[in-house]
Structure formats: C-alpha cells, structure tokens
Amino acid sequence: MSSAWSPQQIANRIGELLEESDPAAAGQLEEAVRLLVELYGRGLERILELLAEQPELIDRLAQDDLISSLLLVHDLHPVDVTTRVSAALEKVRPYLGSHAGDVRLVGIDQDGVVRLQLEGSCEGCPSSALTAKVAIEGAILEAAPEVTSVEVEGVIAENRRELLQIHPYGECPVPTR
C-alpha cells in the first residue's frame, strides 16, 4: 500500500479486503479491524489526557484534517458539534453575502439533524437558495461528519404555478346556472 493514499482510500481498501475475504474468516477479520480501531482510539484518548495541560496544542491537533477526523471517529473531538457547525456557517457567510442572504442556526437535535433558516434574498428564491443549501451542507458535513442531515427552511424546491386553462370561445368548462 502506498503511503500517498488518502485516509478515505485506505478506509475504502479496508472495506474491499473485508468484502473479498473468505466468508469463514470474515468475522475474525472484522473483529481484528474493530480491535485495532479501538486500540488506536485508546491511544488518541491517552495522548489527549497527556496534553490536557496544553490546550493550544490540542486545538492545533483538532484543526488538522486527518487528526480531527480520527478524533471524531472515537468521539474525542475537543470542540462540540454546535461550535463546529457555527464555524462552518461562518465560512460560508461570505458566499451567502454575495447573494445578499444569510443563514441562522436554529438548532441541532439529539438525532444529529441540523436545522437552519435562510434569511435575506436567498429566502424563497429557488435557484439561489438551492445553491446556498448545497454550499452550507458541504461545509457542515466537512466540519461535523456526525451530523445526520441538514434541514434548511426557506428553500423552495421549485416554483410551481397552475396553468391557466384557455378554452375556445363559446366553450365554458364551468357549468352556468
């Protein structure tokens, strides 16, 4: 395996190896992977305990994409989900501002559903709101992968209007008295 592989490529390869394994050995391989992940999680937890006196170093570790993702896997990330979601929203605000809109965090429920409200000219505009929603979701899921979904109020899927039916002169679809 190449050391140039990304963490996602490594995870994908582990999955492939488990799928390709002999069914009789699959259970043992899955247990070995689970135990290895648990070992690394305990190691990360111990590192954080040793660094408890150096919060600035813990913050630096949490800002590293690879280490941050490992801390999240083991539920050890020092920054809570609400703070990470709020920081993600701050990153997309300049983009939203270019569309004269903004977003407000309504809340995050216990199931990991983030609720947002679009404000400004993005609200009610299907094309700009949909584009904003995609940008917002991407930023949130990058910062807080444990989020299960993002619900954005103020997004209209499509502007549907009923067509006015015009009938030939003399034909009236509505019965007259």
Side-chain angles (χ1 to χ4, degrees), residues 1-96 102-118 129-155:
M1 176 170 60
S2 168
S3 62
W5 283 19
S6 73
Q8 185 61 51
Q9 289 171 315
I10 293 170
N12 290 343
R13 182 64 183 139
I14 291 170
E16 290 170 3
L17 289 171
L18 289 173
E19 287 178 12
E20 295 169 1
S21 66
D22 178 7
Q28 290 176 321
L29 288 172
E30 287 178 12
E31 182 180 4
V33 169
R34 185 185 54 74
L35 290 170
L36 186 60
V37 168
E38 184 178 331
L39 176 66
Y40 279 98
R42 288 185 185 180
L44 286 169
E45 186 173 21
R46 182 70 182 124
I47 289 169
L48 292 178
E49 288 171 3
L50 293 171
L51 294 175
E53 301 289 323
Q54 300 176 22
E56 68 283 346
L57 188 52
I58 292 174
D59 289 342
R60 281 185 56 204
L61 290 172
Q63 291 173 12
D64 180 272
D65 289 339
L66 175 59
I67 295 172
S68 178
S69 66
L70 291 173
L71 293 172
L72 286 167
V73 165
H74 297 285
D75 200 25
L76 296 171
H77 204 286
V79 180
D80 66 272
V81 67
T82 302
T83 303
R84 286 183 281 122
V85 168
S86 295
L89 293 176
E90 286 303 316
K91 286 182 181 178
V92 296
R93 276 205 167 84
Y95 169 77
L96 296 176
D102 197 10
V103 64
R104 180 177 56 87
L105 176 61
V106 175
I108 304 172
D109 69 20
Q110 70 268 7
D111 296 324
V113 177
V114 174
R115 297 190 196 296
L116 306 170
Q117 173 67 48
L118 284 180
L130 193 55
T131 304
K133 183 178 186 281
V134 170
I136 292 166
E137 284 179 344
I140 289 173
L141 294 176
E142 183 178 319
E146 69 270 37
V147 165
T148 57
S149 69
V150 177
E151 294 183 6
V152 183
E153 297 173 15
V155 175

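Count residues from 1 along the sequence.
With sequence neighbours left out, the side-chain hydrogen bond (donor to acceptor under 3.5 Å, both in side chains) criterion links E151 to R115. Taking S21 as the reference, A26, L29 meet the side-chain contact (heavy atoms from CB on, under 4.5 Å) condition, with sequence neighbours excluded. With sequence neighbours excluded, no residue satisfies side-chain hydrogen bond (donor to acceptor under 3.5 Å, both in side chains) with E53. Residues passing the side-chain contact (heavy atoms from CB on, under 4.5 Å) test with V79, sequence neighbours excluded: H77, T83, R84. Shown here are the side-chain contact (heavy atoms from CB on, under 4.5 Å) partners of E31, two or more places apart in sequence or in another chain: R34, L35. Every salt bridge (Lys or Arg N to Asp or Glu O under 4.0 Å) that E16 has, sequence neighbours left out, goes to R13. Legend: residues meeting side-chain hydrogen bond (donor to acceptor under 3.5 Å, both in side chains) with E30, ordered by chain and number and at least two apart, are absent. Residues satisfying the side-chain hydrogen bond (donor to acceptor under 3.5 Å, both in side chains) criterion with E49, sequence neighbours excluded, are R46. With sequence neighbours left out, E90 forms a salt bridge (Lys or Arg N to Asp or Glu O under 4.0 Å) with R93. When the side-chain contact (heavy atoms from CB on, under 4.5 Å) test is applied to I58, the partners found at least two apart in sequence or on another chain are L48, L51, P78.
In this structure, the side chain of D64 engages the main chain of I67 through a donor-acceptor pair within 3.5 Å. Within the 3.5 Å criterion, the main-chain N or O of A25 finds no donor-acceptor partner in the side chain of Q28.
To the nearest 0.5 Å, atoms OG (S149) and CG (D109) are separated by 7.5 Å. The distance from atom OG of S69 to atom NE2 of H74, rounded to the nearest 0.5 Å, is 9.0 Å. Between L76 atom CG and R42 atom CZ the span is 12.0 Å, to the nearest 0.5 Å. Rounding to the nearest 0.5 Å places CG of L50 at 11.0 Å from CD of E45.
Evaluated for a side chain to side chain contact (heavy atoms under 4.5 Å, CB included) with I108, the options V106, D111, L105 yield exactly one hit, L105.
Residues L118 and V152 come closest through the heavy atom pair CG-CG1, 3.5 Å.
Under the 4.5 Å side-chain criterion, counting only non-hydrogen atoms from C-beta, L89 is in contact with L116.
Counting non-hydrogen atoms of neighbouring residues, nucleotides and ligands closer than 6.0 angstrom, the CG atom of D22 exceeds 12 such neighbours. With a 6.0 Å radius and a threshold of 12 heavy atoms from other residues, nucleotides or ligands, R60 has its CZ atom at or below the threshold.
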Compile the donor-acceptor pairs under 3.5 Å between side chains in residues 136-143 and protein atoms, sequence neighbours left out, one pair per line.
unit_1: E137; atom_1: OE2; unit_2: K133; atom_2: NZ; d: 2.6

